[in-house]
Amino acid sequence: MVIVLFGKPGAGKGTQAPRLAAALGVPILATGEALRAALRAGTPMGLAAKAFMDRGDLVADDVILGIIKETLSQPAYTKGAVLDGVVRTVPQAAGLDKVLADLGRSLGAVLVFDIPDDEIISRISSRLTCDKCSAPYTSRVPGEKCEVVGCVSGKGGGTLIRRQDDDPDAVKTRLDAYRKSTEPVLAWYQQNGARIATIDAVGAIDDITGRARLALGL
Ligand code: AMP
């Protein structure tokens, strides 16, 4: 089953993605993490995306569609995927549909994380992120070590840092980009008959997971 997690930056998609992926038994495709990994590895794609990401602007659709196609074509993704932070524009939504059709699959559902802007600002201003696996943390101190099992068991394990695009100016740009380019995707999905489920994304992490699972019938 392919699920798109949809919502503003900081809505909790990155926190819920591993929980929902585990419940579904499928891997995650997170384009933000794919771009950060490309940057850490110093690839041309990562280096070209850096300036856009630091400002909070969206990276070009053809770059994102390349990541989507390459990832979903891998055998590990045959059973489906949880898409975190993809899709963010109408061309990406149309491109994802085409990739899925070419692979003989279809979209299972779009899960919308509903959350007001003031909650986003307060969440992101206290958010730290693992510099290796991008896992999000709150109530922690920069420099502490990541506790995600796969990260810790890898060489070295990650360290918690503040993401450059979590500063207030970049967050404002990211919310503007969401309103201008990402929100219209929802209308596109409505017009195209996708299954859309909206959940209240404010509250305790476990409660939100429960709402998400209920909405997806898991
Ligand atoms: P995220 O980790 O999902 O918050 O993404 C971090 C940054 O990566 C975004 O602010 C964008 O600059 C870029 N990015 C990630 N996913 C996408 C996407 N689907 N479309 C365009 N830009 C993206």
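Basis for what follows: all heavy atoms, side chains included, without hydrogens, waters or symmetry-related copies. Since the model is a prediction, treat every value here as computed from it, not as a measurement. Indexing begins at 1, ligand by ligand and atom by atom, following the structure's order.
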Engineer: Using a heavy-atom cut-off of under 4.0 Å, does the side chain or the backbone of Arg174 touch ligand 1, or both, or neither?
Structural biologist: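 Just the side chain.
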Engineer: For the atom pair CG (Leu5) and CD (Gln16), what is the distance rounded to the nearest 0.5 Å?
Structural biologist: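 Answer rounded to 0.5 Å: 8.5 Å.
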Engineer: Inspect the surroundings of CZ in Phe52 and state if more than 12 heavy atoms from other residues, nucleotides or ligands are less than 6.0 Å away.
Structural biologist: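 Counting neighbours around CZ of Phe52, 12 or fewer heavy atoms of other residues, nucleotides or ligands fall under 6.0 Å, so no.
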Engineer: Can you find an N/O atom of Gly85 closer than 3.5 Å to an N/O atom of ligand 1?
Structural biologist: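 Min N/O separation from ligand 1 is below 3.5 Å for Gly85.
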Engineer: Checking the N or O distance criterion of under 3.5 Å, is ligand 1 in contact with Gln92?
Structural biologist: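 Checking ligand 1 against Gln92, an N or O pair does fall under 3.5 Å apart.
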Engineer: Which bit of Asp61 gets closer than 4.0 Å to ligand 1, counting heavy atoms only: side chain, backbone, both or neither?
Structural biologist: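 The answer is neither.
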Engineer: Give the residue and atom name of whichever protein heavy atom lies nearest to atom 4 (O) of ligand 1, and the separation in Å to one decimal.
Structural biologist: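 It is Arg163 NH2, 3.0 Å.
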Engineer: Any non-hydrogen side-chain atom of Val110 less than 4.5 Å from a side-chain atom of Val185?
Structural biologist: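 With C-beta onward as the side chain, the pair stays apart.
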Engineer: Considering only residues two or more places apart or on different chains, which pairs with a residue in residues 172-188 satisfy side-chain hydrogen bond (donor to acceptor under 3.5 Å, both in side chains)?
Structural biologist: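 Passing the test, one end in residues 172-188: Asp117-Arg179, Asp166-Arg174, Lys172-Asp176.
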Engineer: Work out whether the distance between some heavy atom of Arg36 and some atom of ligand 1 is less than 4.0 Å.
Structural biologist: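 Distance cut 4.0 Å: Arg36 passes for ligand 1.
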Engineer: Do any N/O atoms on Leu58 end up under 3.5 angstrom from N/O atoms on ligand 1?
Structural biologist: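 Not met; the criterion fails.
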Engineer: What do you reckon, does Arg88 have a nitrogen or oxygen under 3.5 Å from a nitrogen or oxygen of ligand 1?
Structural biologist: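 Between Arg88 and ligand 1, an N or O pair is found under 3.5 Å apart.
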Engineer: Kindly list each side-chain donor-acceptor pair under 3.5 angstrom involving residues 37-44, sequence neighbours excluded, with atom names and distances?
Structural biologist:
unit_1	atom_1	unit_2	atom_2	d
Arg40	NH1	Asp131	O	3.2
Arg40	NH2	Glu33	OE2	2.9
Arg40	NH2	Lys132	O	2.6
Thr43	OG1	Ala38	O	3.3
Thr43	OG1	Gly46	N	3.1

Engineer: As an exercise, identify every atom of ligand 1 less than 4.0 angstrom from a heavy atom of Asp57.
Structural biologist: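 Taking each heavy atom of Asp57 in turn, ligand 1 has 11 (C), 12 (O) under 4.0 Å.
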Engineer: Should the heavy atoms of other residues, nucleotides or ligands under 6.0 Å from CD of Glu70 be counted, would the total exceed 12?
Structural biologist: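 Not more than 12 within 6.0 Å, no.
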Engineer: Is the closest side-chain donor-acceptor distance between Thr129 and Arg163 under 3.5 Å?
Structural biologist: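 Not at all, the side chains of Thr129 and Arg163 share no donor-acceptor pair under 3.5 Å.
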Engineer: Look at atom 23 (C) of ligand 1 and say which protein heavy atom is nearest, naming residue and atom and giving the distance to 0.1 Å.
Structural biologist: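 Atom 23 (C) of ligand 1 sits closest to the protein heavy atom Ile64 CD1, 3.9 Å.
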Engineer: Can you tell me which portion of Leu35 lies within the under-4.0 Å heavy-atom range of ligand 1? Options are side chain, backbone, both, or neither.
Structural biologist: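 Under 4.0 Å from ligand 1, Leu35 contributes side-chain atoms alone.
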Engineer: Once you restrict to heavy atoms under 4.0 Å, what part of Val59 touches ligand 1? Side chain, backbone, both or neither.
Structural biologist: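 Val59 to ligand 1: contacts from backbone and side chain alike.
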Engineer: Closest non-hydrogen protein atom to atom 16 (N) of ligand 1, residue and atom name please, with distance?
Structural biologist: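 Among all protein heavy atoms, the one nearest atom 16 (N) of ligand 1 is Thr31 OG1, 2.7 Å.
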Engineer: List the closest protein heavy-atom neighbour of atom 8 (O) of ligand 1: residue, atom name, distance to the nearest 0.1 Å.
Structural biologist: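 Result for atom 8 (O) of ligand 1: Met53 CE, 3.5 Å.
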Engineer: Can you tell me if Asp165 contacts ligand 1 (heavy atom of the residue under 4.0 Å from the ligand)?
Structural biologist: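 Per 4.0 Å heavy-atom rule, Asp165 contacts ligand 1.
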